[in-house]
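The first residue of the sequence shown is numbered 1, and numbering continues consecutively from there. The figures that follow rest on heavy atoms only: side chains count, while hydrogens, waters and symmetry mates do not.
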Amino acid sequence: NYCGAGLSSLVQSRRNAALAAIDAVCGGTGKYTIKREGSGYMEVSHVGNVRIGASCNRPMSIYFRCNGVQPNPTKN
């Protein structure tokens, strides 16, 4: 997730940081497939409009799948 609001250079920097985090989770550069990228708002029929993502006025989310490995997230 990243914030898609603000100057385009800042948005691109945030997106690059999100992709770097995906690289780390999937074990390296390019070891994943982006399934969808878009608004951080997700509509769930039995719950309503659920907000997932950055706390800004234009949250963006990247939905991905690691290729051939299980994701290995770290807890901070």
Side-chain angles (χ1 to χ4, degrees):
N1 297 314
Y2 63 97
C3 184
L7 297 171
S8 61
S9 60
L10 292 175
V11 173
Q12 186 61 47
S13 176
R14 293 181 200 124
R15 183 178 184 274
N16 290 344
L19 292 173
I22 294 171
D23 286 341
V25 167
C26 291
T29 303
K31 293 187 177 182
Y32 60 89
T33 302
I34 294 177
K35 296 296 189 178
R36 183 173 96 69
E37 184 172 357
S39 174
Y41 293 103
M42 179 183 288
E43 190 168 322
V44 181
S45 61
H46 64 282
V47 177
N49 195 19
V50 177
R51 183 177 177 163
I52 299 173
S55 58
C56 73
N57 62 357
R58 190 169 183 241
M60 301 297 286
S61 295
I62 301 172
Y63 302 92
F64 66 96
R65 169 172 281 170
C66 294
N67 298 333
V69 297
Q70 290 286 353
N72 188 18
T74 57
K75 293 182 181 180
N76 292 332

Considering non-hydrogen atoms only, spot the tightest contact between Thr33 and Asn67 and give its length.
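Heavy atoms of Thr33 and Asn67 come nearest at OG1-OD1, 2.9 Å.
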Of all heavy-atom pairs between Asn1 and Ala18, which one has the smallest distance, and what is that distance?
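Answer, listing the atom of Asn1 first, then Ala18: O-CB, 4.3 Å.
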Hey, could you give me the [atom1]/[atom2] distance between [X] and [Y], rounded to the nearest 0.5 Å?
| X | Y | atom1 | atom2 | result |
| --- | --- | --- | --- | --- |
| Tyr2 | Met60 | OH | CE | 4.0 Å |
| Ser9 | Arg14 | OG | CZ | 9.0 Å |
| Phe64 | Lys35 | CZ | NZ | 12.0 Å |
| Ile62 | Ile34 | CD1 | CD1 | 5.5 Å |
| Tyr32 | Ile22 | OH | CD1 | 5.5 Å |

Is a side-chain N or O of Arg58 found less than 3.5 angstrom from the main chain of Gly4, in a donor-acceptor match?
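Yes.
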